[in-house]
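Note sheet for the following structure.
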Protein chains: 2
Amino acid sequence: MTEAPARKRLTDAAIDAFAERGFHATTTRDISTRAGMSPAALYVHHASKEQLLYEVSSSGHIECLEMIRAAAATSADPVQRLANMQFAFTRYHATHTAGARVVQYEIAALTPEHRREVAGYRRDIERVYHEAITDGVEKGVFDVQDVPGVSLALISMAIDLVRWYQPQGARTPESLGRIHAQMALRSVGVTHEVAPEETPAD
Amino acid sequence: MTEAPARKRLTDAAIDAFAERGFHATTTRDISTRAGMSPAALYVHHASKEQLLYEVSSSGHIECLEMIRAAAATSADPVQRLANMQFAFTRYHATHTAGARVVQYEIAALTPEHRREVAGYRRDIERVYHEAITDGVEKGVFDVQDVPGVSLALISMAIDLVRWYQPQGARTPESLGRIHAQMALRSVGVTHEVAPEETPAD
DNA sequence: GTCTATAAGCAGATAGAC
DNA sequence: GTCTATCTGCTTATAGAC
């Protein structure tokens, strides 16, 4: 159990600081102090405050995309797949609140080029939902008129909890995941109960 | 059609600036310039940048609370009421994106006292949903195990669209309202279709 | 790789003329 | 009530010693 390298200590500190106070309200001194370093040490490892945000934001987007793709690959049955996806997507946002808050709310602080890159990851995430719901409609088990509209609403349901969720509260990531999974199935017209298969959380 | 008073020009400019860039990234010079005034003019009408945020945030919270209470009063039938509420709540967030963004995402920038005040309005909004769903459960027309959990998820669905909604896009506030209203009914176990009654938008 | 010291600029807020 | 000018402090980022 050795101490984390300085570079990762800084990105971890940046995640917490950006999540708590927002990018613009966070000072580079705040980040370096949280990482146990002097203000100047930050610039040995990162070119600028925006670059630090970009690293946090892009790696967070990629992690989230891989997570939802893994969840979408857990079952060939549309009903079970959507339940697993909504459970995993919700649990992820409840367990990675700090990182997800930076991912979701600090896009405007990125440079235009960096913003374009992460916008691509976001479209990829929407596409996973879109395809899963389309699959269920085509197989005749889902009843949905507006597939993109329902996709966005299901994604919103999970993402918005990073705005208010607090780990010390009564709700666990798994309990929220089960509620949202049931609401997802009901939203696409599946009336019977299907328990989500809980893939191991990282 | 006379020009708006300086005070309102400033709060309107602050809503746009805070919504576009966030509280901390917005400068008082940005606000006063948008309102067509010099930097010093802002302080004739508002004590500080935080006071300006507080006025925007509290009036926005109160407006939203009154809107959802009005929607909850449109029908005594739990099914029709929930449909009307989710339609109105969604349409409101799509038509008041800028103000709602400040309301939802800039709470951390308020002083602790101001934050406590708006937290009360937020609980009131949740309570309106909570009571509407409880009413449907007690009358035997809704099937919901976790009433607060479903309430929060329905609220999240509408609120999160201020994160991504753009008026120039293809979706109208009304089309989003109808999708969300149907998803709300399905989420509480109502399987038949009920069109939301559209109260006039302000 | 870390530190101290500091440069250069911009922020919120105020003073005082008109 | 609006302006110009300015104060004061804090920000990002860099220089250079160890």
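Reckoned from all heavy atoms, side chains included, excluding hydrogens, waters and symmetry mates. Letters A, B, ... are given to chains in the order of the sequence lines, protein chains preceding strands, and every chain is numbered from 1.
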Heavy-atom nearest nucleotide on DNA chain D for Ala40(A) versus Ala25(A): which residue maps closer to 5'? Ala25(A)

Any side-chain heavy-atom pair from Met67(A) and His96(A) closer than 4.5 angstrom? no

Distance in angstrom units between Leu42(A) CG and dT11(D) C1', rounded: 13 Å

Could you state the NE2-P distance from His24(B) to dC10(D), rounded to the nearest angstrom? 16 Å

Salt-bridge present (Glu198(A), Arg178(A); N to O < 4.0 Å): yes

Are Arg9(B) and Asp12(B) within salt-bridge range, i.e. N to O under 4.0 Å? no

Closest heavy-atom pair, Arg81(B) versus Ser75(B), reported as atoms and distance to 0.1 Å, is NH1-O, 3.5 Å

Closest non-hydrogen atom pair, Phe87(B) against Gly177(B): CD1-C, 3.5 Å

Close approaches to DNA chain C from residues 6-20 of chain B, in residue order (heavy atom, under 4.0 Å): none

Which of residues 44-59 of chain A sit near DNA chain D, with a heavy atom under 4.0 Å from it? Ser48(A), Lys49(A)

With the threshold set at under 4.0 Å for non-hydrogen atoms, list the residues of residues 28-38 of chain B touching DNA chain D in residue-number order. Arg29(B), Met37(B), Ser38(B)

Between Arg91(B) (side chain) and Thr199(B) (backbone), is there a donor-acceptor pair under 3.5 Å? yes

Check whether any side-chain N or O of Arg21(B) sits under 3.5 Å from a backbone N or O of Thr26(B) as a donor-acceptor pair, and report yes or no. no

Per atom distances to the Tyr43(B) side chain, the nearest of dA11(C), dT14(C), dT11(D) is dT14(C)

For Tyr54(A), the ring-ring contact (aromatic ring centres under 6.0 Å, His included) test, sequence neighbours excluded, returns His114(A)

So what does Ala41(A) hit on the nucleic acid, given a heavy-atom distance under 4.0 Å: a base, only sugar-phosphate, or nothing? sugar-phosphate

Pairs in or reaching into residues 36-57 of chain B: which pass salt bridge (charged side-chain N to carboxylate O under 4.0 Å, His left out), with residues at least two apart or in two chains? Arg7(B)-Glu55(B)

Going from OG on Ser187(B) to CD on Gln86(B), what distance comes out if it is rounded to the nearest 0.5 angstrom? 8.5 Å

With Ser59(A) via side chain to side chain contact (heavy atoms under 4.5 Å, CB included) - residues at least two apart: none

